[in-house]
Number of protein chains: 2
Amino acid sequence: MAKVKTRDRILTTSLALFNELGEPNVTTLLISDELNISPGNLYYHFRSKSDIVGELFGQYSHEINDLLAIPKDVEVSLDQLGFFLHLLFETIERYRFLYHDLVNILSRYPELRPGFRRILDSKQKGFQILCDSLANQGLMATEPTIIKALCEQLTLTVCYWESFDSLRDAGNRNNLDPRRGVYQVFHLLIPHLGASASRELYLLAQDYQPD
Amino acid sequence: MAKVKTRDRILTTSLALFNELGEPNVTTLLISDELNISPGNLYYHFRSKSDIVGELFGQYSHEINDLLAIPKDVEVSLDQLGFFLHLLFETIERYRFLYHDLVNILSRYPELRPGFRRILDSKQKGFQILCDSLANQGLMATEPTIIKALCEQLTLTVCYWESFDSLRDAGNRNNLDPRRGVYQVFHLLIPHLGASASRELYLLAQDYQPD
DNA sequence: GTCTATATTAAGATAGAC
DNA sequence: GTCTATCTTAATATAGAC
């Protein structure tokens with residue numbers, strides 16, 4: 001049971017607090033309180049709060065880019081697609097604070113803006129590859145403007161689904177679940193698929209059914 | 001040219017600044033500076049900053065509910081649908097600051113949460129009525145779970161489209177345009193429509209084309 | 001109804017001892 | 001590497017004169 005480094009404990013606890021309370025509501029004092037360390041100690045490990053946010057964003061950026069590095073010639077099954085989406089939602093939800101107060105975060109940490117845009121781009125390109133794969137397998141029509149709008153819609157949805165879902169929720173349910181996101185994205189794809197694949201995905205979506 | 005009341009000028013200017021800079025970045029001092037009045041004067045008209053935010057939310061809530069009060073038995077054409085969506089996006093964009101830092105705003109003004117959820121509900125119900133109308137005209141299939149997922153998707157999209165659109169934008173373009181939102185929503189509907197209506201909406205979408 | 005001056009509070013951050 | 005004590009800054013809000 002090696003002792004976890006204070007620096008890493010700060011990152012873990014900050015992330016948890018940011019997600020739970022919203023980044024603007026989390027002070028450096030609260031973070032150090034939660035860890036039972038002094039504020040001075042926190043500032044020994046990080047020169048500023050923005051360094052913490054920046055490092056967490058770097059982690060997110062790294063994880064999401066790994067996930068979205070999809071080979072161009074992939075032949076993806078609907079099952080694999082569900083698995084991929086599950087991972088994607090899970091990752092985004094783990095860093096959900098970034099999307100909860102986006103304008104505020106970008107205005108206070110403007111250095112993150114290019115990174116945010118790159119991630120948006122990666123997501124859209126990743127979806128493009130996946131749609132191309134479905135099209136190549138003859139499962140989906142190939143009208144480029146339709147596919148482009150669909151990929152934008154997929155990108156928007158993975159970014160904001162969790163925010164939307166938890167807003168609807170009375171704040172009571174409290175149980176975050178990436179499965180609802182996968183269900184929703186499946187229903188974005190269903191009407192674009194041919195009859196047989198459409199039916200297959202519809203049934204697969206039941207496994208991700210809310211409630 | 002009747003003189004506009006200070007109270008109303010405060011609301012108008014606050015809304016503009018909130019949308020431009022993000023609500024958390026707009027101090028009461030900045031608002032009063034912008035209006036060339038003293039901070040004390042501002043606090044004569046509003047007991048607190050949250051009163052300003054609350055009143056603006058009330059305006060938004062009122063406008064959006066008026067718009068979403070769609071008669072149950074409406075028979076809507078695709079043209080009319082486009083017009084409706086244009087108004088809807090325009091209204092939401094006029095109060096876009098509310099969705100830009102949602103978690104932060106809800107945590108600082110928790111009294112707004114029920115209203116937010118009611119609006120979400122109105123939107124989804126409004127879309128349900130519109131989809132029912134299309135279904136009744138034989139333009140769209142009627143599978144209830146499909147329609148429900150679609151209405152959720154429409155609701156998510158009208159709420160977050162502008163946020164998404166301006167994030168992608170280098171922040172350079174700067175030209176807010178509800179038409180891009182309408183285009184996007186049309187492309188959510190297109191694959192659900194029968195061949196003829198689908199084609200019609202696809203062509204209609206050209207009028208709302210980006211670029 | 002509007003002003004100036006100021007009280008209050010709380011955040012981010014640093015200095016210096018241990 | 002960690003602590004306590006403190007500085008600095010800035011925002012919300014109030015008091016009292018005009």
Side-chain angles (χ1 to χ4, degrees), chain A residues 1-57 97 100-101 103-112, chain B residues 1-57 97 100-101 103-112:
Chain A
M1 191 84 103
K3 183 162 175 297
V4 180
K5 284 197 166 47
T6 300
R7 187 187 154 85
D8 291 330
R9 295 206 305 137
I10 291 172
L11 288 171
T12 312
T13 301
S14 298
L15 178 57
L17 290 171
F18 290 166
N19 283 336
E20 187 187 354
L21 304 172
E23 181 274 340
N25 297 314
V26 177
T27 66
T28 50
L29 209 73
L30 181 59
I31 299 169
S32 50
D33 259 25
E34 190 77 11
L35 287 163
N36 289 313
I37 65 173
S38 69
N41 190 0
L42 186 147
Y43 276 91
Y44 170 79
H45 290 284
F46 291 93
R47 297 228 318 275
S48 70
K49 187 183 169 188
S50 76
D51 278 12
I52 299 178
V53 173
E55 182 118 353
L56 287 173
F57 179 76
F97 80 94
H100 283 181
D101 301 289
V103 166
N104 190 20
I105 284 180
L106 284 177
S107 78
R108 286 162 61 210
Y109 313 107
E111 66 276 14
L112 301 185
Chain B
M1 192 84 101
K3 183 164 177 297
V4 180
K5 285 197 165 47
T6 301
R7 186 188 153 84
D8 291 330
R9 295 205 306 135
I10 292 171
L11 287 172
T12 311
T13 300
S14 298
L15 178 57
L17 290 172
F18 289 165
N19 282 335
E20 188 187 353
L21 305 172
E23 181 274 340
N25 297 316
V26 177
T27 67
T28 50
L29 209 74
L30 181 61
I31 299 169
S32 50
D33 259 24
E34 189 78 11
L35 286 163
N36 289 312
I37 64 174
S38 69
N41 190 359
L42 185 147
Y43 276 91
Y44 170 80
H45 290 284
F46 291 93
R47 296 227 320 275
S48 71
K49 187 184 170 187
S50 77
D51 278 13
I52 300 178
V53 173
E55 182 117 353
L56 288 173
F57 179 77
F97 80 93
H100 282 180
D101 301 290
V103 165
N104 189 20
I105 284 181
L106 284 177
S107 79
R108 287 163 60 210
Y109 314 106
E111 65 276 15
L112 301 185

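Values below: every heavy atom of this structure, side chains too, minus hydrogens, waters and symmetry copies.
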Sidechain-backbone polar pair: [X] side chain, [Y] backbone, donor-acceptor under 3.5 Å:
X	Y	value
Asp101(A)	Asn104(B)	yes
Asn19(A)	Phe97(A)	yes
Thr13(B)	Ile10(B)	no

Atom-pair distance ([atom1] on [X]; [atom2] on [N]), nearest Å:
X	N	atom1	atom2	value
Asp8(A)	dG1(D)	CG	P	12 Å
Leu42(A)	dG1(D)	CG	P	14 Å
Leu35(B)	dG1(C)	CG	P	16 Å
Ile37(A)	dT4(D)	CD1	P	11 Å
Asp33(A)	dT4(D)	CG	P	11 Å

With sequence neighbours left out, write down each residue that passes side-chain hydrogen bond (donor to acceptor under 3.5 Å, both in side chains) with Asn25(A), or none if nothing qualifies.
Ser107(B)
Can you give one letter per nucleotide of nucleotides 4-18 of chain C, going 5' to 3': B for a protein heavy atom under 4.0 Å from the base, S for sugar-phosphate only, - for none?
B------SSBB----
Using a heavy-atom cut-off of 4.0 Å across all strands, would you classify Asn36(B) as base, sugar-phosphate, or nothing?
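Asn36(B): backbone/sugar contact only, no base atoms under 4.0 Å.
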Indicate whether OP1 or OP2 belonging to dT2(C) is found under 4.0 Å from a side-chain N or O atom of Tyr44(B).
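No, no such contact exists.
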Would one find a side-chain N or O of Thr6(B) under 4.0 angstrom from OP1 or OP2 of dG1(C)?
no
Supply the atom-to-atom distance Leu11(A) CG to Leu15(A) CG, rounded to the nearest 0.5 angstrom.
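If we round to the nearest 0.5 Å, Leu11(A):CG and Leu15(A):CG are 8.5 Å apart.
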Short N-O contact, Glu34(B) and Arg9(B), less than 4.0 angstrom:
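No, no charged N to carboxylate O under 4.0 Å.
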